[in-house]
Amino acid sequence: MKIGYPCINLTVDCRGNQTFRLKSYSEKKLSLTVENNLNCLLKMLQFNVKNNILFFRITSDLIPFAPHPVCKFDWLTHFKDQFAYIGSYVKKNSIRISMHPGQYIVLNTPIQSILDNSIADLLYHVDVLDAMELDTSAKIQVHVGGVYGNKEMSITRFCARYRDLPEKIRRRLIIENDDRSYSFSNCLEIHEELGIPILFDSLHHELKNEGESIQNAIAMFSRTWKIQDGVPMADYSHRRKKGAPYGHVDTLNSNYFKLFLEQTKPYDIDIMLEIKDKERSALKAIKVAWNDKRLIKAENVD
DNA sequence: CCCTGTCAAGTCACG
DNA sequence: CGTGACTTGACAGGG
């Protein structure tokens, strides 16, 4: 078990998700921004290793506009060495990596141009992970997509689209249950069809489910991951208090998290904390999990 | 320096 | 029909 947080670290003195407006695009600006973002990514990873945080989600803003037609810059070649260096740091320290592209990736869209853009965007995410030379346990998580008034047809369309994807996307792609359209059991149905792993989101499941307990859901989603996919990933968050409206909480409630750890035993999972105060909650969570036999401890290799 | 309207992109719920 | 929410607010121009 590894514990992590997404994209941004509030303690280090840099920001790894720097971007800019499309109208101010220039190759120079892109290059400087990427250089900053890569340097900061390494700093955040180093902070994490020092603090036993061995799971991290890399921001989609790492290379702003990478999948956009405006971008003609060969960033993969230009930053090849930096990517390889960060990748080697990740591997030496056994850091688990994920990425979560935005809501604009919709594989089951009926519109061809949206599909094309979605695939271009997924290829960008794949390029980042491939440039770091990470194995197939580094995942890209997406939601199933739209319903378009007919969920079964939309699921069928998702499956057809998935089968047509290039292998280098398929081996990294995983689906996440959402809180509105596609529940955990809908994801299971897709898994049965495709073998695609499911990322379990605890808060989404709380908000939309078919009555499965956490324990049951954990048991079922764990089985959707093969050896080469690595340890099953879960997103964890909770509400402010019982019955409170949705919205990411400001900081982790240690008691709720402790309960979640108990509910997920004996399954090994990597847990991403989707909580506003980022690494601070990750540190709290690691404290809570410290005596849990599942927790992996960092070794600190430069 | 601080404030705030706006930001590349899709879908859906809500008023 | 317009707006907000979503995986993460933050850019950038105006005062």
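The chains referred to below are lettered A, B, ... by the order of the sequence lines, with proteins before strands, and numbering in each begins at 1.
Residues of residues 146-156 of chain A that place a heavy atom closer than 4.0 Å to DNA chain B, in numerical order, are Gly146(A), Val147(A), Tyr148(A).
Separation of atoms CE (Met233(A)) and OG (Ser137(A)) is listed at 6.5 Å; rounding is to 0.5 Å. Rounding to the nearest 0.5 Å places CD1 of Ile97(A) at 10.5 Å from CZ of Arg172(A). Taking OG of Ser183(A) as the start and CG of Asn209(A) as the end, the distance is 8.0 Å to the nearest 0.5 Å. Rounded to the nearest 0.5 Å, atoms CG (Asn253(A)) and CG (Asp250(A)) are 12.0 Å apart.
The separation between Leu203(A) atom CG and dA5(C) atom C1' is 14 Å, rounded to whole Å. With rounding to whole Å, Asn9(A) atom CG is found 15 Å from dT8(C) atom P. Between the P atom of dT8(C) and the CG atom of Asn37(A) lies a distance of 18 Å, rounded to the nearest Å. Rounded to whole Å, atom C1' of dC6(C) lies 12 Å from atom NZ of Lys276(A). At whole-Å resolution of the value, CG in Leu10(A) and P in dA10(C) are 9 Å apart. dC6(C) atom C1' lies 13 Å from atom CD of Gln141(A), rounded to whole Å. The CG-C1' distance, from Asn17(A) to dG9(C), rounds to 8 Å in whole Å. For the pair Gln18(A) CD and dT8(C) C1', the computed distance is 15 Å after rounding to whole Å.
Residues Val231(A) and Asp268(A) share a closest heavy-atom pair of CG1-O, 3.5 Å.
Spacing between dA12(C) and dT8(C) at atom P, rounded to whole Å, works out to 22 Å. dA8(B) and dC11(C): their C1' atoms are spaced 14 Å apart (whole Å). The separation of dT4(B) from dC6(C), taken at their P atoms, amounts to 22 Å, rounded to a whole angstrom. Straight-line distance between the P atoms of dG2(C) and dT6(B): roughly 15 Å, to the nearest whole Å.
Taking the six-membered ring where tryptophan is involved, the planes of Phe200(A) and Phe184(A) are perpendicular, since the angle between them exceeds 60° and thus also 30°.
Within 4.0 Å of Arg15(A), counting heavy atoms only, lie sugar-phosphate atoms of the nucleic acid but no base atom. Residue-level contact check: Asp121(A) touches the bases, meaning some heavy atom is under 4.0 Å from a base atom. In this structure, Ser118(A) reaches neither bases nor backbone, as no heavy-atom distance under 4.0 Å exists between it and the strands shown.
Shown here are the side-chain hydrogen bond (donor to acceptor under 3.5 Å, both in side chains) partners of Gln18(A), two or more places apart in sequence or in another chain: there are none. Residues passing the side-chain hydrogen bond (donor to acceptor under 3.5 Å, both in side chains) test with Asn150(A), sequence neighbours excluded: none. With sequence neighbours excluded, the residues that form a salt bridge (charged side-chain N to carboxylate O under 4.0 Å, His left out) with Lys139(A) are Asp229(A). A search for side-chain hydrogen bond (donor to acceptor under 3.5 Å, both in side chains) contacts involving Glu193(A) returns Arg163(A), not counting sequence neighbours. Scanning for side-chain hydrogen bond (donor to acceptor under 3.5 Å, both in side chains) contacts around Asp270(A) gives Arg96(A), with sequence neighbours left out.
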Pairs under 3.5 angstrom, nitrogen or oxygen only, protein versus nucleotides 12-15 of chain C, please.
{"unit_1": "dA12(C)", "atom_1": "OP1", "unit_2": "Arg21(A)", "atom_2": "N", "d": "2.9"}
{"unit_1": "dA12(C)", "atom_1": "OP1", "unit_2": "Ser24(A)", "atom_2": "OG", "d": "3.0"}

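With a 3.5 Å limit on both pairing distances and Watson-Crick or G-U wobble geometry required, the stems of 3 or more pairs in DNA chain C span B:1-7 with C:9-15, B:10-15 with C:1-6.
Heavy-atom contacts of chain A under 4.0 Å fall on DNA chain B between two terminal nucleotides, which in 5' to 3' order are dT6(B) to dC12(B).
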Let me check something: any side-chain donor-acceptor pairs from residues 59-68 of chain A under 3.5 Å, sequence neighbours excluded? List them with distances.
{"unit_1": "Thr59(A)", "atom_1": "OG1", "unit_2": "Asp61(A)", "atom_2": "N", "d": "3.0"}
{"unit_1": "Ser60(A)", "atom_1": "OG", "unit_2": "His125(A)", "atom_2": "NE2", "d": "2.8"}
{"unit_1": "His68(A)", "atom_1": "ND1", "unit_2": "Val70(A)", "atom_2": "N", "d": "2.9"}

Taking only distance into account, with no hydrogens and no angle test, what donor-acceptor pairs under 3.5 Å do side-chain atoms of residues 77-85 of chain A form with protein atoms, sequence neighbours excluded?
{"unit_1": "Thr77(A)", "atom_1": "OG1", "unit_2": "Asp74(A)", "atom_2": "OD1", "d": "3.1"}
{"unit_1": "Thr77(A)", "atom_1": "OG1", "unit_2": "Asp74(A)", "atom_2": "OD2", "d": "2.5"}

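Of the charged side-chain nitrogens involved, at least one lies within less than 4.0 Å of a carboxylate oxygen, so that Asp292(A) and Arg294(A) count as a salt-bridged pair.
Through side-chain heavy atoms spaced under 4.5 Å, either directly or across other Ile, Leu, Val, Met, Phe, Trp or Tyr residues, Ile8(A) is tied to Leu10(A).
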